[in-house]
Amino acid sequence: MKVLLICGGQSSEHIISRMSASNIRKHIKDSYEVKMAGITKEGIWYQINDQIKDYAEDCWLDESQLITNVFEYLKSFDVVFPCLHGLYGEDGTIQGLLEMADRPYTGCRVADSALAMDKVLAKKVFTLANIPTTPSLFAYKRYDGKVVIIRDDQTQTEDIVSEVKETLGLPVFIKASRSGSSVGCYKVTKEEDILPRLKEASYYDSKILIEKAIQATELEVGVLGNDDLLVSRVGQIMPHGEFYTFESKYEDKQSSTCIPAGITDEQAEYIRENAKKAFHAIDGHGLARCDFFLDNVTGDIYLNEINTMPGFTDISMYPMLLKDAGVDTSDLIDRLLDLAKQR
Ligand code: ATP
Ligand code: MG
Ligand code: MG
Ligand code: MG
């Protein structure tokens, strides 16, 4: 079976994608004929020589390896593993390209990817599915540059600060709607920081989610499957620093994880049930990592988000949760490729 593993990409998570892909390449079984392709931050596709260990972009910018006809190139593979996070990778766009090229691919399809990636839309769908999420507001940067809050009844207000204070109180989290790895995600404690942070988030996306900040224990669950789902145990994140920022995720050695989480069996069961519900609510395919908050003050549990192409490095939570469930990374990749061929 000829497998194409794609990494890099145009999102702010380009580098994480290369780290994930390098781990997948290391663990994929020898029975597959694997080729690698890298997408630059500008969106140019190259074939990657397999000897390049960390897939550093400057090692594969070789003109002779340029893929000039992406569509034709894709058609020469039996299955594609788009190991891409964020914009154009996890948001339904590359999935659309693969649908048009009629190639089976791992993970979620067009609509489920797009939905999960968009925190504002996902929240609406989770609410319809009766899955508890944190109280929030939706802000939108209009084409004339003005940022407005759009309420549930579709009325709008430009008086953002009052609306945030009255509806949510402080502190809040302000997040670019379609982002990942905490890029464009800020904790705001002071009233005067609301508008500047909103502006910063709007550099990443015109849609912005403003959420009540929870004093939370962070919990994550891995889901694997199309119809019959394997739902992992619940893992816990212990971020170092104020919250789980980009730095605390990938650079701070003092952040740690543990499986299983230090919660009651009842809480774990409730979270696993809701992870499954959430995966079905987006009509997910293949895999997802569902992130939850346990409110340390009230004991309430909220779904934070679903990631349809979760980090896949050797220290990433998703492969660790699956390993804990008895599926080591080589078998996990096998299962994902099988699930891709099922449809
Ligand atoms: P990922 O890398 O998991 O895809 P992301 O960029 O999609 O991350 P979130 O998971 O929504 O962003 O938020 C990043 C982090 O910010 C969370 O792990 C948590 O530490 C903190 N956070 C976000 N929203 C809240 C909230 N409402 N209350 C408390 N902490 C929050
Ligand atoms: Mg995310
Ligand atoms: Mg993500
Ligand atoms: Mg998250």
Side-chain angles (χ1 to χ4, degrees), residues 7-21 23 82-95 106-108 112-123 125-126 131 133-134 136 173-187 201 204-205 207-209 211 213-214 216-223 232 234-239 241-250 252 255 257 261 271 274-275 278-279 282 284 286-294 301-313 315-321:
C7 70
Q10 289 169 268
S11 84
S12 51
E13 295 175 274
H14 174 102
I15 179 75
I16 313 302
S17 153
R18 283 182 358 217
M19 286 154 54
S20 293
N23 190 45
C83 178
L84 300 163
H85 307 301
L87 183 78
Y88 300 145
E90 199 177 344
D91 62 355
T93 49
I94 188 136
Q95 290 75 14
T106 55
C108 285
D112 34 346
S113 299
L115 183 51
M117 188 77 223
D118 188 326
K119 294 182 195 301
V120 170
L121 277 182
K123 198 135 195 161
V125 170
F126 296 149
I131 301 166
T133 63
T134 51
S136 66
F173 270 82
I174 294 185
K175 314 183 201 178
S177 188
R178 292 161 288 192
S179 188
S181 289
S182 305
V183 175
C185 171
Y186 311 97
K187 183 174 183 179
Y204 295 98
D205 196 347
K207 292 170 80 171
I208 300 151
L209 188 67
E211 270 184 347
I214 306 297
T217 300
E218 297 201 41
L219 304 161
E220 300 189 345
V221 184
V223 176
S232 77
V234 181
Q236 184 173 344
I237 307 278
M238 277 87 72
E242 202 178 3
F243 70 98
Y244 208 23
T245 59
F246 186 93
E247 291 71 30
S248 64
K249 274 177 193 173
Y250 304 111
D252 192 334
S255 293
T257 56
I271 288 170
N274 276 284
F279 191 81
I282 65 161
L287 79 163
R289 194 195 73 222
C290 305
D291 298 356
F292 291 83
F293 295 137
L294 165 62
I301 291 169
Y302 301 103
L303 173 65
N304 174 32
E305 60 153 354
I306 286 198
N307 294 283
T308 55
M309 186 52 228
F312 227 97
T313 69
I315 55 151
S316 294
M317 196 52 142
Y318 184 78
M320 290 198 301
L321 287 167

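Whatever order the structure lists ligands and atoms in, that order sets their numbers, starting from 1. As the structure is a computational prediction, the values presented were derived from the model and not from experiment.
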Geometry at the Mg ion (ligand 2) - N307 OD1 versus E305 OE2 angle, rounded to 10 degrees:
90°
Can you find a heavy atom in the side chain of I174 that is under 4.5 Å from one in the side chain of I208?
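Yes, close enough: below the 4.5 Å cut-off.
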Any donor-acceptor pair under 3.5 Å linking the side-chain atoms of T245 with those of S248?
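The answer is yes; a qualifying pair exists.
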The test is salt bridge (Lys or Arg N to Asp or Glu O under 4.0 Å); show your working for E211 and K119 and say whether it passes.
CA-CA 11 Å; E211 270 184 347; K119 294 182 195 301; over 6 Å; no
Ion pair D118/K207, N-O distance below 4.0 Å:
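Judged by the 4.0 Å cut-off on N to carboxylate O distance, D118 and K207 do form a salt bridge.
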Mind checking whether the Mg ion (ligand 4) has an N, O or S of D291 under 2.8 Å?
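Yes.
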Does S181 put an N, O or S atom under 2.8 Å from the Mg ion (ligand 2)?
no
